[in-house]
Amino acid sequence: MTKQHANWSPYDNNGGSCVAIAGADYCVIAADTRMSSGYNILTRDYSKICKLADKAVLASSGFQADVKALQKQLAARHLIYQHQHNKQMSCPAMAQLLSNTLYYKRFFPYYAFNVLGGLDNEGKGCVFTYDAVGSYERVGYSSQGSGSTLIIPFLDNQLKSPSPLLLPAQDAVTPLSESEAVDLVKTCFASATERDIYTGDRLEIVILNAEGIRREFMELRKD
C-alpha cells in the first residue's frame with residue numbers, strides 16, 4: 001500500500017470582496033471585514049484596505065499573509081521614493097510600482113488580488129485593477145475577491161463603461177455623484193453577502209477627495 005501524504009500548499013484563500021469606483025473628483029474604495037479559511041471564520045473585523053499614500057489606497061483580497069508582505073514591501077519602496085523626491089507618490093506612479101512588485105514575484109506570486117484607488121495628478125478619480133502577477137488596467141470601477149463574480153455584473157449593468165477600443169479614448173470615470181457611488185457600493189455588498197459565504201460581517205468604505213480621506217462603516221450579515 002502506497003503512503004498517502006497530505007498535500008501542503010504555501011497558499012490559502014482568506015476570501016472577502018473589494019470594490020472601487022472612480023468619479024470626476026473622488027474615489028470610493030470598499031471592502032468587507034470578514035477573514036475566512038475554508039468553512040471557518042478567523043475574524044469578523046479584519047481591514048482589507050491599506051492607505052499607501054495621501055492619494056492612493058489599496059484594497060486586497062486573497063491570501064492575507066501575502067497581502068501583508070506586499071503592503072510592507074510597497075511601504076518601504078514608497079519611503080525610499082519620498083526621501084529621493086521630497087514628495088508623495090501619485091496614484092498612477094503607485095499603480096506602476098505595484099505592477100512591478102507583483103511581476104517581480106511572478107514565479108512564486110503574491111496570492112493577492114488588488115484594486116488600487118485614488119486621485120490622479122489632475123484630481124480625477126482613478127481605479128487600477130490587477131491580477132496576481134501584475135497585469136493591470138485603469139478602469140472606472142472594479143471588484144476583486146470571492147464576491148467579485150456577483151458584484152461585477154451588477155456594476156456593469158449600473159455603470160457600463162465605454163469600450164477601451166473606442167477612438168478617441170473615452171473617459172473611464174463614472175457619472176455618479178459621490179453619495180450615489182457610496183450608496184451603490186452599499187447595495188453591491190448587501191446583495192453579494194446574501195450569496196457569498198466569504199463576504200459579510202461589516203463593510204468598510206474609504207472615500208478619497210480633494211479634502212482628504214474619510215471612512216464609513218455599514219453592518220452586513222453575520223451568518
Side-chain angles (χ1 to χ4, degrees), residues 10-11 14 16 18-31 33 46-145 164 169 171-174 178 181 204-216:
Y11 297 120
N14 299 125
C18 311
V19 168
I21 298 176
D25 58 353
Y26 68 86
C27 187
V28 177
I29 304 101
T33 62
Y46 183 86
S47 175
K48 297 180 181 71
I49 299 175
C50 171
K51 180 186 165 188
L52 296 176
D54 286 346
K55 293 187 175 175
V57 174
L58 180 69
S60 316
S61 66
F63 182 32
Q64 291 301 328
D66 274 5
V67 169
K68 268 278 176 280
L70 176 62
Q71 289 170 356
K72 221 168 158 182
Q73 176 81 352
L74 291 170
R77 294 290 297 273
H78 187 225
L79 190 64
I80 293 166
Y81 180 94
Q82 287 176 89
H83 286 311
Q84 288 175 344
H85 300 274
N86 264 327
K87 64 173 186 178
Q88 294 231 341
M89 248 188 216
S90 67
C91 193
M94 188 62 82
Q96 184 64 60
L97 174 64
L98 177 54
S99 174
N100 293 350
T101 308
L102 292 168
Y103 189 71
Y104 181 75
K105 287 267 290 173
R106 66 192 177 280
F107 299 119
F108 184 19
Y110 291 111
Y111 191 50
F113 300 94
N114 304 288
V115 179
L116 181 72
L119 301 176
D120 65 13
N121 299 322
E122 296 162 23
K124 272 191 199 153
C126 55
V127 169
F128 298 88
T129 187
Y130 292 79
D131 71 357
V133 288
S135 171
Y136 78 113
E137 182 186 7
R138 183 171 176 171
V139 289
Y141 57 89
S142 184
S143 175
Q144 291 280 11
D171 230 354
V173 297
T174 56
E178 190 182 294
E204 180 183 11
I205 306 168
V206 173
I207 300 112
L208 235 148
N209 54 30
E211 277 90 68
I213 294 179
R214 76 172 201 277
R215 273 182 162 75
E216 281 185 27

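- For the pair Lys105 and Phe108, the cation-pi test (distance below 6.0 Å, angle within 45°) is passed.
- Of all non-hydrogen atoms in Cys27 and Cys126, the two that sit nearest each other are SG-O, 3.7 Å.
- At least one side-chain heavy atom of Leu102 sits under 4.5 Å from a side-chain heavy atom of Tyr130.
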Point to revise | Full working for side-chain contact (heavy atoms from CB on, under 4.5 Å) between Gln82 and Met89 | key: CA-CA 7 Å; Gln82 287 176 89; Met89 248 188 216; over 6 Å; no
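- Shown here is Tyr11, whose OH atom has more than 12 heavy atoms of other residues, nucleotides or ligands within 6.0 Å.
- By the side chain to side chain donor-acceptor pair (under 3.5 Å) test, Thr174 is found to be paired with no residue, residues two or more places apart in sequence or in another chain being considered.
- Residues Ile205 and Ile49 have side chains not in contact (no heavy-atom distance under 4.5 Å, counting atoms from C-beta outward).
- Shown here are the side chain to side chain donor-acceptor pair (under 3.5 Å) partners of Glu178, two or more places apart in sequence or in another chain: Asn209, Arg214.
- His78 places a side-chain N or O within donor-acceptor distance of the main-chain N or O of Leu52, the cut-off being under 3.5 Å.
- Contact record, Ala24 with Val173: N-CB, 4.3 Å, taken as the closest heavy-atom pair.
- The line from CG of Leu70 to OG of Ser60 is 6.5 Å long, rounded to the nearest 0.5 Å.
- For the salt bridge (Lys or Arg N to Asp or Glu O under 4.0 Å) condition, the pairs that include at least one residue of residues 126-138, sequence neighbours left out, are Asp120-Arg138.
- Not a single ring-ring contact (aromatic ring centres under 6.0 Å, His included) links Phe107 to another residue, sequence neighbours left out.
- Among residues at least two apart or in separate chains, salt bridge (Lys or Arg N to Asp or Glu O under 4.0 Å) pairs with a member in residues 49-68 are Lys51-Asp54.
- When all heavy atoms are compared, the tightest approach of Ser61 to Gln144 is OG-C, 3.8 Å.
- Smallest separation of non-hydrogen atoms from Leu119 and Ala210: CD1-N, 4.1 Å.
- Here the straight-line distance linking atom CG of Asn114 with atom SG of Cys50 works out to 10.0 Å at 0.5 Å rounding.
- With sequence neighbours excluded, the residues satisfying side chain to side chain donor-acceptor pair (under 3.5 Å) with Asn100 are Gln96.
- Remark: Phe113 pairs with Tyr111 by the ring-ring contact (aromatic ring centres under 6.0 Å, His included) rule, at least two apart or across chains.
- With sequence neighbours excluded, no residue satisfies ring-ring contact (aromatic ring centres under 6.0 Å, His included) with His83.
- Shown here for Ala181 and Val28, the closest heavy-atom pair between the two residues is CB-CG2, 4.1 Å.
- Under the rule for a salt bridge (charged side-chain N to carboxylate O under 4.0 Å, His left out), the partners of Glu122 that lie at least two apart in sequence or sit in another chain are Lys124.
- Shown here are the side chain to side chain donor-acceptor pair (under 3.5 Å) partners of Ser142, two or more places apart in sequence or in another chain: Thr129.
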Review point. What's the verdict on side-chain contact (heavy atoms from CB on, under 4.5 Å) for Cys91 and Phe128, showing C-alpha distance, side-chain angles and the deciding distance?
Key: CA-CA 9 Å; Cys91 193; Phe128 298 88; 4.1 Å; yes
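- With sequence neighbours left out, Arg215 forms a salt bridge (charged side-chain N to carboxylate O under 4.0 Å, His left out) with Glu204.
- You'll find the side chain of Ile213 reaches within 4.5 Å of the side chain of Val57, heavy atoms only.
- Remark: Asp25 CG to Leu208 CG distance equals 11.5 Å, nearest 0.5 Å.
- Applying the side chain to side chain contact (heavy atoms under 4.5 Å, CB included) test to Lys87 and every residue at least two apart in sequence or in another chain returns Tyr81, His85.
- Closest non-hydrogen pair, Leu58 versus Gln71, comes out as CD2-CG, 4.4 Å.
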**Study point:** Evaluation steps, side-chain contact (heavy atoms from CB on, under 4.5 Å), between Val127 and Leu116
**Key:** CA-CA 6 Å; Val127 169; Leu116 181 72; over 6 Å; no
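- Asn14 contributes no side-chain N or O that, together with a main-chain N or O of Phe63, makes up a donor-acceptor pair within less than 3.5 Å.
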